[in-house]
**Student:** 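Below is the structure I would like to discuss, written out as structure tokens.
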Amino acid sequence: MTEEQGLEILRRITAAYPQFDLDGPVGEERIELWVERLLKMPYEPVLHKLNHYIDAHHFPPTIAQIAVELPLDNGFLKQQQVWAAQVKAERESGRMKTFLDYLPEELRGTYSRLLEGTHSDK
């Protein structure tokens, strides 16, 4: 959100709640604090949340009541989604790999013999 958008949020609160005072030294401090916090939030979702708040409450909101946090970038989740897409593509193409395909060459033979031994015991 831009500073102008933050000030627009404050004007909207002041218009809806006359007791939300932005005059004098305390008002200036309130403006600074609110804008500082609002700059870290996305404008549209905060505006949406504020509008719902205004419809339901008789008193002005606190910052926390209209705050919207941006989702954190989760690189691991994105990697999981890439892997899932790769597995799906491999399954659909018929080239599904087993864990043996990912082992170093020197270990493949050992594990292959071990797996063959477990199947012959049954």
Side-chain angles (χ1 to χ4, degrees):
M1 163 174 336
T2 66
E3 187 171 341
E4 183 55 42
Q5 290 170 328
L7 293 172
E8 176 58 34
I9 295 289
L10 288 174
R11 283 192 288 273
R12 196 165 190 79
I13 295 170
T14 304
Y17 301 100
Q19 69 270 37
F20 191 76
D21 187 19
L22 298 177
D23 295 327
V26 172
E28 287 178 24
E29 216 172 300
R30 181 174 286 148
I31 291 169
E32 284 179 37
L33 176 65
W34 273 77
V35 169
E36 171 192 314
R37 305 307 305 156
L38 289 171
L39 287 174
K40 299 175 184 177
M41 300 177 206
Y43 175 71
E44 290 295 330
V46 170
L47 181 61
H48 180 74
K49 199 167 179 181
L50 174 60
N51 287 336
H52 282 282
Y53 183 93
I54 289 170
D55 291 340
H57 296 88
H58 299 287
F59 297 98
T62 63
I63 296 170
Q65 288 171 312
I66 63 166
V68 175
E69 296 290 325
L70 291 172
L72 296 175
D73 182 30
N74 188 337
F76 181 73
L77 180 59
K78 287 179 184 176
Q79 185 61 49
Q80 288 284 78
Q81 292 167 340
V82 168
W83 290 335
Q86 289 171 341
V87 168
K88 183 179 179 183
E90 285 181 5
R91 283 185 181 149
E92 290 172 354
S93 72
R95 316 179 256 118
M96 190 64 190
K97 294 180 181 179
T98 68
F99 81 96
L100 291 173
D101 297 320
Y102 296 99
L103 289 176
E105 193 64 45
E106 61 272 10
L107 293 178
R108 280 188 199 165
T110 304
Y111 276 100
S112 294
R113 285 189 297 278
L114 287 173
L115 289 174
E116 287 169 8
T118 59
H119 294 299
S120 62
D121 291 343
K122 291 184 181 180

**Student:** Give a yes or no on this: more than 12 heavy atoms of other residues, nucleotides or ligands lie within 6.0 Å of atom CD of E90.
**Tutor:**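 Yes - once you tally the heavy atoms of other residues, nucleotides and ligands closer than 6.0 Å, there are more than 12.
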
**Student:** Kindly assign one of parallel, tilted or perpendicular to the pair Y53 and H57, based on the angle between their ring planes and the thresholds 30° and 60°.
**Tutor:**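 If you compare the ring of Y53 with that of H57, the planes turn out parallel.
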
**Student:** For R11 versus E4, what's the shortest heavy-atom pair and its separation?
**Tutor:**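 That closest heavy-atom pairing would be NH2-OE2, 2.6 Å.
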
**Student:** If you compare all heavy atoms of Y17 against all heavy atoms of P60, which two are closest, and at what distance to 0.1 Å?
**Tutor:**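 Looks like CD2-N, 3.6 Å.
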
**Student:** Can you tell me how far the NE2 atom of H48 sits from the OH atom of Y43, to the nearest 0.5 Å?
**Tutor:**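 Taking NE2 in H48 and OH in Y43, the distance rounds to 13.5 Å.
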
**Student:** Tell me, with the steps shown, if L50 and I13 meet side-chain contact (heavy atoms from CB on, under 4.5 Å).
**Tutor:** CA-CA 8 Å; L50 174 60; I13 295 170; 3.8 Å; yes

**Student:** Which heavy atom in V46 sits nearest to a heavy atom in L38, and how many Å separate them?
**Tutor:**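 What the structure gives for the nearest pair is CG1-CD2, 4.1 Å.
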
**Student:** Distance from W34 atom CH2 to L10 atom CG, nearest 0.5 Å?
**Tutor:**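 It comes to 6.5 Å.
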
**Student:** For residues K40 and R37, report the shortest heavy-atom separation together with the two atoms involved.
**Tutor:**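 Shortest heavy-atom separation between K40 and R37 comes out as NZ-NH1, 3.0 Å.
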
**Student:** What distance do K49 atom NZ and I54 atom CD1 have between them, rounded to the nearest 0.5 Å?
**Tutor:**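 So the gap between those two atoms works out to 13.5 Å.
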
**Student:** Could you tell me the separation between the CG atom of L33 and the CZ atom of R30, rounded to the nearest 0.5 Å?
**Tutor:**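 So the CG of L33 and the CZ of R30 are separated by 9.5 Å.
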
**Student:** Restricting to non-hydrogen atoms, name the atom on P42 and the atom on V68 that form the minimum distance, rounded to 0.1 Å.
**Tutor:**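 Heavy atoms only, the tightest pair is CD-O, 3.6 Å.
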
**Student:** For the CE atom of M41 and the CG atom of L47, what is their distance to the nearest 0.5 Å?
**Tutor:**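 Atom-to-atom, M41:CE and L47:CG are 13.5 Å apart.
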
**Student:** How many angstroms lie between CD1 in I9 and CE in M1, if you round to the nearest 0.5 Å?
**Tutor:**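 If we round to the nearest 0.5 Å, I9:CD1 and M1:CE are 5.0 Å apart.
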
**Student:** Using every non-hydrogen atom in the two residues, find where T2 and L39 come nearest and quote the distance to one decimal.
**Tutor:**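 Where T2 meets L39 most closely, the heavy atoms are C-CD2, 3.5 Å.
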
**Student:** Does atom CD of Q19 have more than 12 heavy-atom neighbours, drawn from other residues, nucleotides or ligands, at distances under 6.0 Å?
**Tutor:**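 Enclosed: over 12 neighbouring heavy atoms sit under 6.0 Å from CD of Q19.
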
**Student:** Would one find more than 12 heavy atoms of other residues, nucleotides or ligands at under 6.0 Å from atom CD of E29?
**Tutor:**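 At most 12 heavy atoms, drawn from other residues, nucleotides or ligands, come within 6.0 Å of this atom.
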
